[in-house]
Amino acid sequence: MNTGNARVTLLLAAVLLGAAGCAPGGGTAASTTAMAPPASASATGSMDMSSSATSGGSAAANSTAAITISGFAFGAPLVVPAGATVTVTNRDSAEHTVTADTGSAFDVEVKGSGGTATFTAPSTPGTYAFHCTYHPNMHGSLTVK
Amino acid sequence: MSVPIRRGALARGRGRGRGLDLALRALTAVALLTDAGIHIHLAPGYQAGLPQGIGQGNLFLLEAGVAALAALAVLLRGSRAAYAFALLVALSAFAAVVFYRYVDLPAFGPFPAMYEPVWYFEKTASAVAEGAGAVLAAIGLARARRAGPARRVGR
Ligand SMILES: [Cu+2]
């Protein structure tokens with residue numbers, strides 16, 4: 001097995017290359033953009049700072065909205081008032097997350113088999129693309145108006 | 001990756017099907033390694049999503065390890081046993097991904113409830129690699145069987 005080590009090394013390199021080719025959560029995000037009517041490129045890191053600055057118009061802060069995860073999909077894009085409480089229900093066996101693509105606007109874990117979680121929608125209007133950090137196919141869209 | 005393969009070819013060194021044999025071994029190994037790479041890539045997320053039992057991510061890592069082993073066996077030996085092992089691995093992985101795409105099987109034993117009614121790029125790619133790996137391994141098995149046990153001499 002004198003050439004074996006070199007071969008094993010080559011094989012391992014190939015496997016690792018295949019595995020390192022893509023980072024978790026960095027999957028193709030093309031599917032959700034078509035469904036979001038407003039310009040969706042507005043979300044940036046500034047949302048955290050502006051969220052406290054624009055807290056004056058919080059008349060709708062008590063409104064609620066819901067996301068239901070089923071079959072590894074978030075469902076239709078959601079439109080909510082600024083600062084609304086969003087309840088997420090997970091009908092799958094697997095646990096999922098609802099994680100904003102950019103910044104840290106929201107990020108919750110939702111246990112499987114009917115688990116729920118809530119988060120507060122950003123107070124800055126705009127369209128926030130989000131995803132599940134566990135499953136690369138899962139993308140959704142939340143619009144704050 | 002061509003250097004070690006050519007060395008094996010020189011050692012065997014006969015027959016007009018030799019090039020085809022080597023291509024078959026290489027392609028089968030590539031299919032299995034592609035499958036292994038995708039499973040490794042997806043394992044952390046799936047483990048977090050479904051840690052019940054042994055955990056889906058650990059099953060993915062197990063599958064990746066066995067697939068890499070089969071690739072190694074086919075590449076290094078190209079024997080009937082190697083192809084049979086590769087066929088078993090590729091076919092069972094293909095069956096599992098297609099089954100759980102369509103059937104909502106509850107958890108049983110160490111296996112969590114892995115129903116996932118979607119196809120997406122990585123998943124489809126792994127299923128295609130598994131299907132191709134199974135077909136290639138079946139061809140290799142048939143060819144190795146026809147050639148008889150003499151093929152294994154010297155390895
Ligand atoms: Cu998920």
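Throughout, a chain's letter reflects where its sequence line sits, starting with A, and its residues are numbered from 1. Computed over heavy atoms, backbone and side chain alike; hydrogens, waters and symmetry mates excluded.
- Ring centroid separation for the pair Tyr102(B) and Tyr115(B) does not come in under the 6.0 Å cut-off.
- The two residues Asp101(A) and His131(A) come nearest to each other via the heavy atoms OD1-ND1, 2.6 Å.
- For residues 88-97 of chain A, the interface with chain B (any heavy-atom pair closer than 4.5 Å) comprises Ser93(A), Ala94(A), Glu95(A), sorted by residue number.
- Put simply, OH on Tyr128(A) and OG1 on Thr143(A) are 10.0 Å apart, with the number rounded to the nearest 0.5 Å.
- No side-chain heavy atom of Asn137(A) sits under 4.5 Å from any side-chain heavy atom of His139(A).
- Using the six-membered ring where Trp is involved, His135(A) and Tyr46(B) have ring planes that are perpendicular, over 60° apart on the 30 and 60° scheme.
- Residues Cys132(A) and Val98(A) form no side-chain contact, since every pair of their non-hydrogen atoms from C-beta on lies 4.5 Å or further apart.
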